[in-house]
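To start, the structure itself, in structure tokens.
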Amino acid sequence: MNRSRLAPGAGIVTVPGGLPVLRTAEGEFLRIDTGGTDPGELVARLTPGEGVHPDPAELVRLVTAFEEAGHAVTEPRRPPLTGRTVHLLGDPLLTEPLSRFAAAEGAEVHPATADDVAGLAGRRDTAVVWCLDSPVPDGLWDTADRLPARHTAWLRCHREGAHTWIEPLASAPGDVTAAHVRRRRLAATAAHRELAAYWAGHRTPDTGPHPTEPSAALIAALLTADLITWANGEPPRGAALPARRRLRRIDLRDLTVTEHPVLPVPEVAPLPVPSARATA
């Protein structure tokens, strides 16, 4: 039988001359009323070792209180991406660190190609992540943009000059797609014609800067954090989840990260067709 131990991040602090204090995983300090139980017995019971056998009734009450508050657990922590599958596409300098990070968090990681994407639609507990060290060519992400409508998660990043953009994770119908991000960015700038031309490839050859090992690790860590948010479950309808409404920009020169809220672009009715009837 597994015995309760302090939850990851929690700890008991012994204050000289005072009662023991629980430091929660969130960093709060809570005084512990041990009643008639020796504080040393509580510490021994909740930390690795044999503890006290059998547990006195008062100690059982204390341990139960820790469990009910989430400060003690009986099972070892499962990596948050356990049971999730992640398919990676794109440039190796970004996908290689992301593959290591996602696997370390429990994901089953597979390389993929653009031809594989359509066949992944409809696979729940599956995410497709596409990382580019360049602007996104027109139409490249059109097929992947249809994944969230069939409940397959879709996450991506790309570089434009000295900036890498991490777009919102999409995992359900109505989430922000790459096409939505493009439309929102075009609407937000007076240079929309120039930006559209830049995306379409009407530009001089790329001069970088390309991600370095530290900046690639930062980008991979941010993408992994979004995958963990996705793995923690869908929010209630109408609730805000930052990873699904957040566009991030990483400046590769100084590794600063800025966040921008972004929403889906609603469908609009087509313009009416002018009548062919001749006027008098």
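The model shown is predicted, which means the values in this text are computed figures rather than measured ones.
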Testing the basics here: between [X] and [Y], what is the closest heavy-atom pair and its distance to 0.1 Å?
X	Y	value
R253	P209	CG-CG, 4.5 Å
G11	L6	CA-CD1, 4.0 Å
S215	L252	CB-CD2, 3.9 Å
E167	A178	OE1-CA, 3.3 Å
A104	P79	O-CB, 4.4 Å
A149	P173	O-CG, 3.7 Å

Assigning hydrophobic clusters by single linkage (Ile, Leu, Val, Met, Phe, Trp, Tyr; side-chain heavy-atom cutoff under 4.5 Å), is [X] placed with [Y]?
X	Y	value
V128	L169	no
V136	Y198	no
L98	V257	yes
I32	F29	no
W165	V181	yes

Exercise for review: Kindly determine whether I250 and L222 satisfy side-chain contact (heavy atoms from CB on, under 4.5 Å), including the steps that lead there.
Suggested key: CA-CA 10 Å; I250 299 96; L222 293 172; 4.1 Å; yes

So does [Y] get a backbone contact from the side chain of [X], meaning a donor-acceptor N/O pair under 3.5 Å?
X	Y	result
R248	P168	no
S99	T95	no
R3	R45	no
T152	T126	no

What distance do [X] atom [atom1] and [Y] atom [atom2] have between them, rounded to the nearest 0.5 Å?
X	Y	atom1	atom2	value
D125	T82	CG	OG1	11.5 Å
L89	H87	CG	NE2	9.5 Å
C157	L223	SG	CG	5.0 Å
I166	L218	CD1	CG	7.0 Å
D251	T164	CG	OG1	9.5 Å
L42	E58	CG	CD	10.0 Å

Quick check: do [X] and [Y] have side-chain heavy atoms less than 4.5 Å from each other?
X	Y	answer
W141	R182	no
L227	F101	no
P264	V176	yes

Check your understanding: Given L22 and F66, is the side-chain contact (heavy atoms from CB on, under 4.5 Å) satisfied, shown in steps?
Key -> CA-CA 10 Å; L22 170 69; F66 270 71; 3.9 Å; yes

Point to revise | side-chain hydrogen bond (donor to acceptor under 3.5 Å, both in side chains) partners of E108, counting only residues at least two apart | key: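 If we apply the side-chain hydrogen bond (donor to acceptor under 3.5 Å, both in side chains) test to E108, skipping adjacent residues, the hits are H110.
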
Point to revise | Contacts of type side-chain hydrogen bond (donor to acceptor under 3.5 Å, both in side chains), residue T177, not counting sequence neighbours | key: H180

Check your understanding: So does R159 pair up with D91, basic N to acidic O under 4.0 Å?
Key ->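 No, no charged N to carboxylate O under 4.0 Å.
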
Point to revise | R77/E105 salt bridge by N-O under 4.0 Å criterion | key: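 Between R77 and E105 there is a salt bridge, with a charged N closer than 4.0 Å to a carboxylate O.
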
Review point. Counting only heavy atoms not in R203, do more than 12 fall under 6.0 Å of its CZ?
Key: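 Yes - once you tally the heavy atoms of other residues, nucleotides and ligands closer than 6.0 Å, there are more than 12.
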
Practice item. For L132 and L140, run side-chain contact (heavy atoms from CB on, under 4.5 Å): C-alpha distance rounded to whole Å, both residues' side-chain angles, the deciding distance at 0.1 Å, then the answer. Key: CA-CA 11 Å; L132 293 177; L140 181 65; 3.8 Å; yes

In terms of side-chain heavy atoms, does [X] have a donor or acceptor partner in [Y] at a distance below 3.5 Å?
X	Y	value
W154	D145	yes
T113	D116	yes
T37	T34	no

Exercise for review: Please test L46 against R5 for side-chain contact (heavy atoms from CB on, under 4.5 Å), starting from the C-alpha separation and ending with a verdict.
Suggested key: CA-CA 4 Å; L46 290 175; R5 298 295 184 236; 5.8 Å; no

Exercise for review: Applying ring-ring contact (aromatic ring centres under 6.0 Å, His included), name anything that partners H71, two or more places apart in sequence or on another chain.
Suggested key: none

Practice item. Check R146, R150, R244 against D175 for a salt bridge (charged side-chain N to carboxylate O under 4.0 Å, His left out) and give me the one that passes. Key: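 In the set R146, R150, R244, the residue that makes a salt bridge (charged side-chain N to carboxylate O under 4.0 Å, His left out) with D175 is R244.
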
